[in-house]
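The next block holds one structure in the form of structure tokens; read it before the comments.
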Amino acid sequence: PRFLSKKEKNIMRLTVAALIICLGLLVYFFVSSKLVDKPAKGGVYAENVVGFPQNINPLYDLANEVDRDLVKLVFAGLLKENNNGELVADLAKEWFVDESKTKYTLKLKDDVYWPDEEKFTSQDVVFTIEAIQNPAYQSPLNNNWTGITVSALDENTVQFTLPSPYETFLDNLTVGILPMHLWQEIMPENATLAELNLKPVGLGPYKFDSFVKDKQGYIKSYTLVRNDNYHFSAPYIEQITFKFQPTFEAAVDSLKNRNADGLSYLPQNLKEFLNDRKDLNYYSISLPQYTAIFFNQTKNPALADKRVRQALNLSIKKSKIVEEILGKEGVAINGLLLPGMPGYEENATEEFNVDEAKKLLADAGWQKKEIKTEENQATSTIESDGSGWSKFLFKDNQELTVQLTTTDQPQSTAIGELVQKYWQAIGAKVNLNTVEVGKIQKEVITERNFEALMFGEILGDDLDLYPFWHSSAANNQGLNIANFRNDKADKLLETIRKATTNEEKAQGLKELQSIIKDEAPAIFLYNPKYTYVVADKIKGINLVRIVSPADRLNGIADWYIKTKKWFK
């Protein structure tokens, strides 16, 4: 340095600084090439859901979609479905089936603890299944467990004994397990009133944190937090909040205004209202579900005549419902078999025949009534068709009247109004009754308080029709909404459950569909598509196959918002 001038020293300093910077950049780019973004814990996800929670309990969640969503996150079963719809171990670590396929033995994970540090054991499993089987609990799952015995062989082993082979029995084992030490003090008759139904304790990826009620007592939001002791890797997202909305319009408006990050279901007719949110991803998937009109023959004597029910079926153009109201987001169906089920017929001819419908009503004794006039002025209060005859049909001086009940959601109401027009076109006077989503289960379905009810049923992963059409489920707590009873159908349903090949199932299902189409306890309208909406800030969503809307949450433990840099 003593030989360098001041100027040369500055040049040297700048050169060394430049070399250090270049070396630093080289190191940075080398290291960066070896780093990738990986999921990290943290973040909050808020989702809009239409409806309100009632019983967040796996014994009762079939009755309410909102309950099913929460049960999916709070509880765990012996087995669970992965993103591909395959059954994999959950609380069980392995299972064995004997040669007769009537004994199922499951080994449980031995290091699982409830949130209050009580150990999970086989006694919790036995308690849960026996509660389902106990009529005092009034669980809709009861029919799936008829004749099956459960026993604890030791603390970590449980065995199920079936009266006969039941090919889809393993699907039963996805039911959430209850903590015996908390529930055993509650009387079965009071189970639906227990506080544990709103502040549940389970072994799922999330656990209860808090909820907020409005002045009327409805829960407006419900918050879950990550279960750090989850028996698999704890989920990445720290907190999930469900925001409950009375209508899909309100839910869409809330999402549009960025008050939420997702929407559990988007009706096709409301999709355009979200055009301004460019950060949304749409997942559209078919569900094993049908929407049908179920008849309650005890509430309306006219509906007790199957010719009337058949006529009402023939008068509905189902393809128009799918095209004009669903925006082609669904498939019109003529029976209880859905696309993909054994025995389902692709492109079956639609059974729309107004002339035949009118003939059936005439054969059943329903005719138009002549309206007497006096000085060209109608003296009767009966609605006229303009030619001196009644607009609607009569029998024994009783007008053919049907009350059609559905939810107060715009899509359901629009379909209801179209069905009303079809039925009135063949002479049936129709009163449309709309009920709030949160009330329809308790006030209408459970009490069978309807004449004709338009409602959707999800068949589940095994596509088992037994719980929905067997006579043993024809009661207030059962899923046989139409209270359908038929000895031949019962035997077919029992046989189908035991079938070991698709050919056997197809034959049985075709025969079953033929019986139900002839008896017409319900009118099958369409198989809908399910559209789920989530902001693109939520990563890791992998929806391949779902059976019910709650299955959108199957892989939620892998969802993430935050990331960190890690070496490859």
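Please read these numbers as outputs of a predicted model, since none were measured by experiment.
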Do Asp490 and Arg485 sit within salt-bridge range, that is, some charged N less than 4.0 Å from a carboxylate O? no
Within a reach of under 6.0 Å around NZ of Lys119, are more than 12 heavy atoms found that belong to other residues, nucleotides or ligands? yes
Aromatic ring pairing Trp469/Phe484, orientation class (parallel under 30°, perpendicular over 60°, tilted between): perpendicular
Consider only side-chain N and O atoms of Asp408 and Thr434, and report whether a donor and an acceptor are under 3.5 Å apart. no
Would you say the rings of Phe160 and Phe169 are close, in the sense that their centroids are separated by under 6.0 Å? yes
Over all heavy atoms of both residues, which pair between Arg448 and Asn480 is shortest? Give the atoms and the distance, please. NH2-O, 3.1 Å
Please work out whether the ring planes of Phe208 and Phe211 are parallel, tilted or perpendicular, with thresholds of 30° and 60°. tilted
Atom CG of Asp116: over 12 foreign heavy atoms under 6.0 Å: yes
Between the OH atom in Tyr206 and the OG1 atom in Thr223, the distance rounded to the nearest 0.5 Å is 12.0 Å
Between Trp183 and Tyr137, is the gap from one ring center to the other below 6.0 Å? no
So Pro521 and Phe295, do their side chains get closer than 4.5 Å, heavy atoms only? no
Please lay out, stage by stage, how Tyr265 and Phe248 fare under the test ring-ring contact (aromatic ring centres under 6.0 Å, His included). CA-CA 8 Å; Tyr265 169 68; Phe248 284 107; 5.5 Å; yes
Less than 4.0 Å between a side-chain N and a carboxylate O, is that true for Asp111 and Lys109? no
More than 12 heavy atoms of other residues, nucleotides or ligands under 6.0 Å from NZ of Lys529: is that the case? no
Are Tyr526 and Ile415 packed together at the side-chain level, in the sense that at least one heavy-atom pair is separated by less than 4.5 angstrom? yes
Name of the residue among Leu224, Ile240, Val225 meeting side chain to side chain contact (heavy atoms under 4.5 Å, CB included) with Asp209: Val225
Stepwise, does the salt bridge (charged side-chain N to carboxylate O under 4.0 Å, His left out) test hold for Lys299 with Glu451? CA-CA 6 Å; Lys299 283 282 186 179; Glu451 294 181 10; over 6 Å; no
Quick one, Glu436 and Thr407 - any side-chain contact, counting heavy atoms below 4.5 Å? no
Less than 4.5 Å apart, any side-chain heavy atom of Val419 and any of Leu404? yes
Do Phe294 and Phe455 pass the ring-ring contact (aromatic ring centres under 6.0 Å, His included) test, and can you show the C-alpha distance, the side-chain angles, and the key distance before you say yes or no? CA-CA 8 Å; Phe294 301 91; Phe455 195 69; 7.4 Å; no
Working to the nearest 0.5 angstrom, can you tell me the gap between Leu198 CG and Tyr222 OH? 6.5 Å
Heavy-atom check, side chain of Asn197 versus side chain of Pro200, under 4.5 Å: no
Quick one: CG on Leu453 to CD1 on Ile440, what's the gap to the nearest 0.5 Å? 5.0 Å
Does atom CD of Glu94 have more than 12 heavy-atom neighbours, drawn from other residues, nucleotides or ligands, at distances under 6.0 Å? yes
Cation-pi, Phe524 ring and Lys517 (6.0 angstrom, 45 degrees): no
Hey, does the Lys NZ or Arg CZ of Lys220 hover above the aromatic six-ring of Phe52, less than 6.0 Å from the centre and inside 45° of the axis? no
What residue among Asp61, Asp69, Leu70 forms side chain to side chain contact (heavy atoms under 4.5 Å, CB included) with Pro53? Leu70
Mutual orientation of the aromatic rings belonging to His470 and Tyr466 [parallel < 30°, tilted 30-60°, perpendicular > 60°]: parallel
Atom of Lys498, atom of Pro165 and distance for their closest heavy-atom approach: CG-O, 3.5 Å
With heavy-atom distances below 4.5 Å as the criterion, would you say the side chains of Glu511 and Gln513 are in contact? no
Under the 3.5 angstrom rule, does the side chain of Thr174 hit a backbone N or O of Asp171 as a donor-acceptor pair? yes
Would you indicate whether the side-chain heavy atoms of Glu81 and Ile546 approach each other to under 4.5 Å? no
To check you understand the geometry: which heavy-atom pair defines the closest contact between Leu79 and Ala92, and what is its length? CD2-CB, 4.4 Å
